[in-house]
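The sequence lines fix the lettering, A, B, ..., with proteins before strands; numbering per chain opens at 1.
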There are 2 protein chains.
Amino acid sequence: MPYTYEYPRPSVTVDCIIFAFDRENKDIKVLLIQRLADPYKDCWALPGGFVDMDENLKTAAMRELEEETGLRDIFLEQLYTFGAPNRDPRGRVISVAYYALIPLHKAQVPVAASDAKQVKWYSTKQLPDLAFDHDQILAIGLQRLKGKVRYQPIGFELLNEKFALSELRDLYETILEKEIEKRNFRKKILSMNVLKELEEYQQGVPHRAARLYQFDKENYERLVNEGFSFEI
Amino acid sequence: MPYTYEYPRPSVTVDCIIFAFDRENKDIKVLLIQRLADPYKDCWALPGGFVDMDENLKTAAMRELEEETGLRDIFLEQLYTFGAPNRDPRGRVISVAYYALIPLHKAQVPVAASDAKQVKWYSTKQLPDLAFDHDQILAIGLQRLKGKVRYQPIGFELLNEKFALSELRDLYETILEKEIEKRNFRKKILSMNVLKELEEYQQGVPHRAARLYQFDKENYERLVNEGFSFEI
DNA sequence: TCAAAAGTGTTTCTGCTACACCCATGC
DNA sequence: GCATGGGTGTAGCAGAAACACTTTTGA
């Protein structure tokens with residue numbers, strides 16, 4: 001390895017914000033772990049940990065997520081990098097934060113995996129005290145979610161692959177924190193041509209079963225190439 | 001310093017993308033430096049360098065920018081963090097990229113500052129070969145600029161504090177790569193109430209002088225608090 | 001007086017908003 | 001048969017798009 005520098009180096013970690021949509025309570029939830037070790041032993045925190053020397057940042061995030069929560073094959077997207085000199089009592093630690101949107105049931109009863117004492121969904125409206133600067137990281141994550149959901153079709157990631165339009169509407173109402181008129185929402189989203197109408201219906205609901213839809217990724221990408229831009 | 005870990009650590013650098021708008025050529029330019037030392041000696045690269053142990057990431061970016069280009073007091077915004085294990089021949093180097101938008105004249109004749117052989121504006125359409133993965137970083141930066149300019153009033157940062165509406169329109173046409181009808185643009189931007197109409201006019205133009213405007217930040221922020229959302 | 005860009009008004013059309021009722025289903 | 005949410009049509013309005021001419025100024 002030529003040209004090697006020998007300056008002192010910071011440590012680098014990754015942290016993961018896993019968001020889910022709780023339709024019943026019209027709430028956005030986040031997956032937190034209870035730390036096994038100091039610093040902040042027993043404190044709630046975002047899942048995360050140190051990056052190995054030969055591993056991609058996103059790979060590190062996925063590894064830590066699985067080690068601490070059992071979740072795997074989650075699509076993570078980079079959020080922001082936090083590097084205030086005193087954000088970690090162990091010394092200079094720079095953390096690259098990732099976030100993901102998943103359907104709640106995918107980790108409905110998250111097992112405390114090997115590297116965490118407990119794993120639990122928390123409402124983003126009622127958070128416990130968090131370790132490090134994780135409250136700030138989470139705030140930035142929520143802000144990103146709210147900002148992005150209007151202009152990019154990422155909301156679907158929070159639902160099952162097949163969903164009813166009323167679920168989608170509830171989701172947008174929750175994230176955007178405002179009411180959306182039923183008929184207009186339906187017209188708008190259907191007129192975008194990014195949903196596949198399925199010949200399937202809800203099961204076991206105590207009322208008329210709604211038709212199910214699926215996000216049509218291929219068509220969405222085709223439309224984007226033609227200059228279309230998604231907007232709610 | 002309790003709980004200190006002694007895992008091997010990556011190095012951390014910052015890189016800066018400085019964008020400017022070249023109205024004459026309807027072009028977006030980027031400020032590059034020619035490297036003084038190996039690796040990639042003499043190669044063109046984004047200004048940047050190693051983060052000190054007790055310095056904020058953004059502070060590091062500002063320091064490196066000044067050392068290599070002489071530019072100071074520039075408003076930098078974090079773009080993305082690049083950490084592929086082999087992106088740097090010196091070993092594991094993770095780079096946090098920042099970007100800024102500045103009026104071209106602010107660094108029109110950039111002096112080669114102490115830490116770079118040369119400093120030069122390049123058209124983003126005709127880039128030289130770049131060091132490391134700086135071509136990818138720049139591509140992400142351009143993508144962010146294009147995506148963000150429509151929904152956030154950041155375009156003004158590329159103009160002088162006082163500008164004519166035709167300059168603003170040229171800017172949007174350049175970034176969005178499409179023509180914008182003059183009358184409709186004028187109506188739209190003025191109806192947003194985010195511009196202060198000045199009692200000043202262009203000087204020394206060989207035709208009727210246009211009225212100058214200024215971005216009204218206070219009013220913009222007030223409007224945002226009331227639920228307004230900027231969109232071109 | 002010419003060249004070059006500034007500045008302006010109206011019509012058309014599209015898409016958003018607002019609104020109320022019937023339908024299908026499970027219990 | 002009733003409670004619950006699913007599903008639909010239309011009228012009015014606001015804002016986007018399309019369009020051409022007059023004004024001002026410096027050279």
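The closest donor-acceptor contact from the side chain of B:Asp216 to the backbone of B:Asn219 lies under 3.5 Å.
One can place CD1 of B:Ile232 at 14 Å from C1' of D:dG15, the figure rounded to the nearest angstrom. Nucleotide C:dC2 holds its C1' atom 17 Å from the CZ atom of B:Arg208, rounded to whole Å. The distance from atom CD of A:Gln202 to atom C1' of D:dG6 is 9 Å, rounded to the nearest whole Å. Here C:dA4 presents its P atom at 24 Å from OH of B:Tyr201, a figure rounded to the nearest Å. One atom, CD of B:Glu231, and another, C1' of D:dG15, lie 12 Å apart when rounded to the nearest Å. Rounded to a whole Å, the CD atom of B:Gln203 is 16 Å from the C1' atom of C:dA5. Remark: C1' of D:dG5 and CZ of A:Arg211 are 16 Å apart, rounded to the nearest angstrom.
Within 6.0 Å of the CG atom in B:Asn225, the count of heavy atoms belonging to other residues, nucleotides or ligands exceeds 12.
Each of A:Phe215, A:Phe21, A:Tyr220 was compared with A:Phe156 under the ring-ring contact (aromatic ring centres under 6.0 Å, His included) criterion, and only A:Phe215 meets it.
End-to-end axis angle of the helix from C:dT1-D:dA27 to C:dC27-D:dG1, using five pairs per end and rounding to 10°, comes to 10°.
Residues A:Pro206 and A:Leu165 each lie close to DNA chain D; by heavy-atom proximity, the contact nearer the 5' end of the strand is made by A:Pro206.
In this structure, B:Leu195 and B:Leu165 have side chains that are in contact, with non-hydrogen atoms separated by less than 4.5 Å.
Residue A:Ser166 has a polar side-chain atom (N or O) positioned under 4.0 Å from OP1 or OP2 of D:dG6.
Salt bridge A:Arg211/A:Glu199: present, at least one basic N to carboxylate O contact under 4.0 Å. Contact check on B:Glu173 versus B:Lys182 returns no salt bridge, with no Lys/Arg side-chain nitrogen under 4.0 Å from an Asp/Glu carboxylate oxygen. The residues B:Glu181 and B:Arg183 are annotated as salt-bridged, a charged nitrogen and a carboxylate oxygen being separated by less than 4.0 angstrom. A salt bridge links B:Lys146 to B:Glu177: one of the charged nitrogens lies within less than 4.0 Å of a carboxylate oxygen.
Scanning residues 178-191 of chain A for heavy-atom distances under 4.0 Å to DNA chain D yields A:Lys182, A:Arg183, A:Arg186, A:Lys187.
For A:Tyr40 and A:Phe132, the ring centers sit closer than 6.0 Å to each other.
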